[in-house]
Structure formats: C-alpha cells, structure tokens
There are 2 protein chains.
Amino acid sequence: MQPKSSTDTPPADEPFLLEEFLPYELSVAANRASRLFARRYSEAFGLSIAEWRVMAMVGRFGTISPGAVAERAEMDKVKVSRAVASLVAAGLAEQGPDPQDGRARLLRLTRKGRHMHQDIVPLARTLEAQLAAGLSADEWAALRNCLRKLYAHVRRLDAAEPRPKDGKATRLPE
Amino acid sequence: MQPKSSTDTPPADEPFLLEEFLPYELSVAANRASRLFARRYSEAFGLSIAEWRVMAMVGRFGTISPGAVAERAEMDKVKVSRAVASLVAAGLAEQGPDPQDGRARLLRLTRKGRHMHQDIVPLARTLEAQLAAGLSADEWAALRNCLRKLYAHVRRLDAAEPRPKDGKATRLPE
DNA sequence: ACGGGTTAATTACAAATGCAACCAAAATCA
DNA sequence: TGATTTTGGTTGCATTTGTAATTAACCCGT
C-alpha cells in the first residue's frame, strides 16, 4: 500500500473529494454524535444540548455566573442566557443576584435540578463509553489527543484572523 | 504521571468535566473549524458552507441531481434545495430537467460557476493544510483514521436507535 | 463624587434550520 | 390500464440561532 499523501503539499488537480476533506469529516462526525446525544437527552430528560451543558457546569460548580458558564462551556452568552431561562422555567435551576456584583447573577440548581444532575452524568459517561467502544483504547486516546491539539491550533488560527469587526457583519451560516 | 483513565469503566463520582467529554470536544472543535471556514469562504466567495459543499459536488461530477448531492454530502434535502436555489440566483449553477426522470433535476455549473470552482478547491486545500500544520504527520493521519472510525460507529449506533418515528416528533435542537 | 468607558446579562430582530405538508412524476401491482 | 404507493424536490411554518442593540452596574481617572 502506498503512503497515500496526508500532509504533503496540497495535491494539484486531482478531483476534490469532499468525503476526504478533514473539516468536512470532522463536522459530519460531530453532527452525528451531537444528534445522537441530543435525541437521547431529549428523550430521557427533555433537555437540549445547551441546557445539558449548563446543567453540567452549574452542577459541577454549585454556584456560577452565566458568563463563567459561557466561557467554560464554549457557549455563546445568549445561548447560555436562554438555556438558563428554560432551566429555570423547568424548575431545575434558579438565578439569584450576586452580592459581589450587582449586574452578575449566580446560578445554582434546585433540589430537583441536583437530583436530575445525578442521573445526567452517568448517562453521559455511558454514552461516551458507547462511542469509545467503536475504537481501540489506543485509537480513542489518540483521537482525544489529536482533537485537543487540533482545537488549540484552530483557536490560534482563528485568533490570528483579522476579524471583520466593523464592516457590515456577514452572517456566518451553519 | 498516572495512567489517567481513558476507556476504563465509567469513573464513579469524580466531578464531571465537560472539557474532557469527547462528544463535547468533538463538537467544539468542529464548530470552531467550521466557523473559520465559513468566514473565509464567505469573505472570499460569498458562499455559505452548504453552498460550498454543493459547488464541490457539482463541480466534481459535472452533472448530478440534488438528491445525489444530498446523499454524498451528508446534507439534508431541504438544505441542498435551498443552497442550489441561491447558487442559481448567483449565476453559479443551473438546473435542468432530467430527460430520464421527470421529477428529478440535473445540476451543473455555469461557466462562471466552473471558474469559481477552480478557485474554491485550492482554497480548501490550503485551509486543510493550515489545519494539518498544527499536528505532526502521524497525528494528522491518526486523526483522520479515528474520525472515520468514530463516524462509522456513530452511524451504526444511530441506525440501531429506535427512531421516534411516529410519536409527536421531538425537535432536536443544535 | 462624577463622567467616560467597560462588562454582565437580556432583549430584539433577522437569518437559517428542520420538519411536515405538498406537488409532480415514477414505479408497483392488481 | 388504473389505483396505490413511493420517490424527487420544493414550499410553509414554527423553532432556533446569531448579531446587534439595550439596560444596568462596575471601574477608573480626575
């Protein structure tokens, strides 16, 4: 079997195969996994992924501000805000004022929320284990490792990018 | 340094760390990458990712039906339909009737579209190379490999899943 | 202590998405 | 052949998402 180019200089005019284009594969794999997850969590707990992430964070820290959640969970402020709103509506979390800072809020889980959190975490671990089952232990470890590296790298590229900032913001679909 | 569990049986009550939860990492990495891509393509060609994928497919096959594009590019029918509409509006592609099948359409690029396609592919390769630059050749290869395996596996899990099918379809956010 | 600039969070509005309903043209079959 | 079902594709509607604007409170220099 031939070495089959990987990081060599971009191949010239061979036809472009979308299915072998890493960003595409990454996106597709991630979407599939997310879907599966979303479905299970939706069925089991009626939670969206955003809500689930917030629950995970609040459950972990006990008390945390929306901003901190957004930062730690790589979520948009707005998304957090909305997720929190619906968690509150569902009686799973509550928002109190932050005595230290008048504009900030402090989130915490209600009794009900804490209870649910206890069920939520094991399900996550189970699901992760199910995914892991498709790869060897080494591959799984490699995947985690590479994914992190890639992420860090993209982050750098992204940061280096000259943000449009000012000009009429082009909406970024997908 | 301790072996630090990876695929061992789900850890018991250690706090749940979202940042180390693979599906999360996968999703975050994919989103970052997509964003970067979307921005670049949007700036350079005014294309969304969906449009770009369609262009890639049509450009590659010369002539192809929307359905085939959807299948090969892992896209939703509707998404393809809309992407095609906007490509047509932009004068990049055209839709003709399929002589073989009255309900199907045949897509192909216009002169303008073909021309743009020639610029689009190199940009994709460049971007991919930029991503690859963050990892060693081995890691990159491993990532591709594991990603594919994971994808195939998720697909299986997903297929095995008892589709809600009937009951009031729960909307799957994200 | 007060005005300018920030930061936390929510709200408002616009664009994008997904699902279901829909139309039209096959294919299946009695 | 004619009715029934299936398939290709588009359209409508409700939900979601993202960006920008808004409100409120903080920080800082004077």
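Side chains included, hydrogens not; waters and symmetry mates left out as well; all remaining heavy atoms used.
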Exercise for the section: Kindly point out which of D/dG18, C/dA9, C/dG18 is positioned nearest to the side chain of A/Lys79? Expected result: D/dG18
Practice task
Among D/dG18, D/dT10, D/dG8, find the nucleotide with the atom closest to the side chain of B/Val78.
Solution key: D/dT10
Problem - Side chains of B/Ser27 and A/Arg53, donor plus acceptor under 3.5 Å - result: yes
Problem - N/O (side chain, B/Gln95) to phosphate O (OP1/OP2, D/dT10) under 4.0 Å - result: yes
Handout entry: D/dT10 OP1/OP2 closer than 4.0 Å to side-chain N/O of B/Ser81
Key = yes
Problem - Whichever of B/Gly67 and B/Arg82 has its nearest DNA chain D nucleotide further upstream toward 5' - result: B/Gly67
Fill in the blank from the handout: Judged by nearest nucleotide, the residue sitting upstream toward the 5' end of DNA chain C, B/Asp101 or A/Val84, is A/Val84
Practice task
If the plane angle is over 60° it's perpendicular, under 30° parallel, otherwise tilted; pick one for B/Phe21 and B/Phe16.
Solution key: perpendicular
Practice task
Check whether the side chain of B/Arg35 and the base of D/dG18 form a donor-acceptor pair under 3.5 Å.
Solution key: no
Quick one: [X] [atom1] to [N] [atom2], roughly how many Å, whole number?
X        : N      : atom1 : atom2 : answer
B/Ile49  : C/dA15 : CD1   : P     : 19 Å
A/Lys77  : D/dA20 : NZ    : P     : 14 Å
B/Met75  : C/dG18 : CE    : P     : 10 Å
A/Arg103 : D/dT23 : CZ    : P     : 17 Å

Handout entry: N-O pairing of A/Glu19 and B/Arg60 below 4.0 Å
Key = yes
Practice task
Describe the nucleic acid contact of A/Arg105 in one word from base, sugar-phosphate, nothing, applying a heavy-atom distance below 4.0 Å.
Solution key: sugar-phosphate
